[in-house]
Amino acid sequence: MLVSFDNFRQDITADCSTCAASGDRELSAVRAWRNEPWVPTQGKRVVDRELLFQILLVENVSKPKQAQLDAIRAKLDPRNQRVDTLRGGSTPRRQAVVTQVDLDNDDVGRGAPALGTAAGANNNKSVFKFTLQDKSGAVFFGINRTPLLHHNSWILGAKLILKPGTIVNNDVFLFQKEQAVFLGGIDRVWNENNDLKMRDYLEYKLNRDNCSAAGNKKKRKFTSIQ
Amino acid sequence: MKVLCVAEKNSIAKAVAHILGGGSSTSRGSGYTYVKNYDFQFGGFPFAPGSCQVTMTSVAGHLRGMDFDNARYGWGKCNIFELFDAPVSETMDRNQQLIADNIRKEARNVDYLMVWTDCDREGEYIGWEIFQAAQKGNNRLDESKLYRAVFSHVERGHILQAARSPQRLDMCSVNAVGTRIELDLRTGVSFTRLLTDTMARRVQAQTAPGKTGHQSQNRKKDKVVISYGPCQFPHFGVRGGRRFERIRNFIPEEFWYIQLQLAGENTGTTTFQWERGHLFDRLSVLTFYETCLETAGDRAKVSNLRSKPTAKYRPLPLTTVELQKNCARFLRINAKQSLAAAEKLYQKGFISYPRTETDTFPRTMESELKKIVGNLGGSDSDNSWSSYANELLSVNNGSNKFKFPRGGSHDDKAHPPIHPIISLGPNANVDANEKRVYEYVVRHFLACCSEDAKGQSTTLTLDWASELFTATGLVVLERNFLDVYPYAKWETTKQLPRLEINQECLLDKAEMKSGTTSTPKPMTESELISLMDANGIGTDATIAEHIEKIQARNYVKSEKVGKETYLQPTTLGVALVHGFEAIGLEDSFAKPFQRREMEEDLKKICLGQLTKPAVVQDILTKYKNYWHRTNQHKMKLLEVYNTTAREMLS
């Protein structure tokens, strides 16, 4: 059966050997698909061939989960907005509640709100943890080292090629902007009710971490060079 | 010619009489203990040439109240909804009656009436009340004989100038205050009665369970009233939401980060912070850490070295909100007390009028400001700031010389920023709080008239296998205003190691560390003041009152933890906010939008863009709808109260 690689909608765990491809990007996707998938190895390695993945999940690890959850809840129901400001959003200015002010910032005029941008780094500098799947169905994590601009390509199911030179540490891919080619592609089912799914996921993770933290108060120790 | 002058408080009447009468006024009783009448001669009013016989008296705040007729509209005597349209009448308590009688008598034979109330919206309205009381004793007094003194402090020259250039009462402001009073009465009484009828029994049972026997004899005294104030309620909503969404539901989250340490020859150990801050995923940080460690080991390179001049700005001129906020933060004096102390200082002539939104001095005041600085450094002043003030004006060499204060963006067009008028001598008749507030006002003022603090900041960036780490150092070169303003902290930090760009260095330590996010703190009073101001609720001068009221109404209680006082919401407060949310009225009641809209309408009345009847009708129509909705869903409010009470106990 001839399967089209058109718009990268194809699930790569299915057989793509007979995929029709036109254009450079599709051709490179097919080429990367044909390469041997990554074989799990311990320690630090460097990728030596183009690897094709599809994105299963993207998590912003620079921002606390609680802040992300608050943002999603406010987006799902603006009336619920009690924690952060809605400035700059679709809500009219007069409906913005200022709930945080910076008392220590003397250089800001009186009462001028230091807007409650959720804790964490500027979105451009954020570190994202990608859950990636290759054609064999194996799942890996990927982390961006440099700021990424392809927010729209991060729709679940989108394809990603990691180029030779990408560092892999204990099977976690640590890639820079020039080593990652985001190809787009969308899986409609995976992306249905994305906000709701993300809300549930974050709620679950927060509660799980909370329970495990309560049950295991002992701090982990880390190695350090002295 | 006879002129009757009426101030808002006796202390102002006394001070003005002393100035206008050249120190030779005679005082006599008024029939009310705390108000005196001062008689003197004055010859500077432009409307009455020649020497005039003047009587200066005062009121004690508002001269009358507004209420419903108790016989017809008392509690339980009418359908609550009728209160939205019921006629209201003016009321006077016994003291107000005595003061009004005095004004009526004193006005009997006068040719002119001059109002000396505080120059703000409420002052205009009180002026109108005085005029009406005076008219009852003298029907020849019409609006053409009514004048208004415009002043912002009781310094001699300023008061003489105010007497020589009288203005007219601003009827737009009078109407705005009238609108506010009527709306507060109608909405306050109707919602208080509805909420009390619905919830009081449940609240009483919850707060005092199992009261029997002789304790029940005090039932009437203990009766719970669920008081609704259209302004205080949104105040609580602003903060109640934060308290309960963020603190109660707070789950600590673990985060990880990398930190480098470098030992310098003479500088000790310097810690470098990761440019990525901290990440909320252990695997991600471990991946970065292991990769860097494997790639670069214990070697890093200096990738950037930046040194630039920096400054710490002197404060903006002082407004009421800033005064209240900073007295709460720095002096631990609450908003009500600090404003009261500032009022007293103003009445005694030590500082300018303390109710102002203006944070910019007009350029024309430059010489006056210099004069004040000179006075603060005068020989009769042995305060710790006097030598600083002298130095500001001296011609000696030095970086810190008088500089015209920087200007903010707020101007209420009525009063300049709060500033000292004269130096407070060692034997001045002031209490401890007044003394501390005065010191704050003086230090703030001198800081405003000083140079910014100047320094040099250096940022050193290390590259450890392409991950960047920075350390910042500060050298304060000129402290300038900081010498008189101990409330701001800006100190020289530890010296950074001497390194050059691209220099390779050996790390002392490279560690992966972890921490957890901490629970947000409950709100302090100074934070609440800023929030109320930022959300446009209340006027700067009424904020202290509102904080007091939300406590009196049992929406919040204050709790002292260490040196800090936090405001904690009560079960009732939380239940009301969540209850109104549950019935879909959160935007109207639990959040400040409705009140903000009303404040904007009042401002428009002041500007002559809207009229009182239009605003009253418009806002009452909205409140009638809210009232119906609340009435329909009152069981929901009870339900939420029960749930909240259970949650708060658990």
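Numbered from 1 within each chain, the chains take letters A, B, ... in sequence-line order.
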Taking atom CD as the centre, does A:Glu36 end up with more than 12 heavy-atom neighbours from other residues, nucleotides or ligands that are less than 6.0 angstrom away?
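Incorrect, the count does not exceed 12.
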
Residue part contacting chain A, namely of B:Ser409, when any heavy atom lies under 4.5 Å:
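Neither; nothing under 4.5 Å.
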
Could you tell me which portion of B:Glu467 (side chain, backbone, both or neither) has an atom closer than 4.5 angstrom to a non-hydrogen atom of chain A?
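For B:Glu467, backbone and side chain are both near chain A.
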
Can any side-chain N or O of A:Lys129 pair as donor or acceptor with the backbone N or O of A:Val58 at less than 3.5 Å?
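No; zero donor-acceptor contacts below 3.5 Å.
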
May I ask you to decide if A:Pro37's main-chain N or O and A:Arg49's side chain share a donor-acceptor pair within less than 3.5 Å?
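Here the side-chain-to-backbone pair exists.
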
Could you tell me how the ring of B:Tyr257 sits relative to the ring of B:Phe255: parallel (under 30°), tilted (30 to 60°) or perpendicular (over 60°)?
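Geometry flag for B:Phe255 against B:Tyr257: tilted rings.
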
Applying the side-chain hydrogen bond (donor to acceptor under 3.5 Å, both in side chains) criterion to A:Glu203, which one of A:Arg73, A:Gln66, A:Arg208 satisfies it?
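The passing option is A:Arg73.
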
Between the side chains of B:Glu322 and B:Lys325, is the shortest nitrogen-to-carboxylate-oxygen separation below 4.0 Å, so that they form an ion pair?
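Looking at B:Lys325 and B:Glu322, the cut-off is met.
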
Does a side-chain N-to-carboxylate-O contact under 4.0 Å join A:Lys75 and A:Asp195?
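Answer for the salt bridge query: yes.
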
Non-hydrogen atoms of chain B under 4.5 Å away: do they reach the side chain of A:Leu174, the backbone, both or neither?
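For A:Leu174, the side chain is the part near chain B, not the backbone.
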
Under 4.5 Å heavy-atom distance to chain B, tell me which part of A:Lys65 shows up: side chain, backbone, both or neither.
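Both the backbone and the side chain of A:Lys65 come within 4.5 Å of chain B.
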
Could you tell me which residues in residues 132-142 of chain A have at least one non-hydrogen atom under 4.5 Å from a non-hydrogen atom of chain B, sorted by residue number?
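Residues A:Phe141 are the ones that qualify, each having a heavy atom under 4.5 Å from chain B.
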
Check ring pair (Phe, Tyr, Trp, His ring centres under 6.0 Å) between A:Phe175 and all other residues, then give those that pass, not counting sequence neighbours.
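Applying ring pair (Phe, Tyr, Trp, His ring centres under 6.0 Å) to A:Phe175 gives A:Phe130.
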
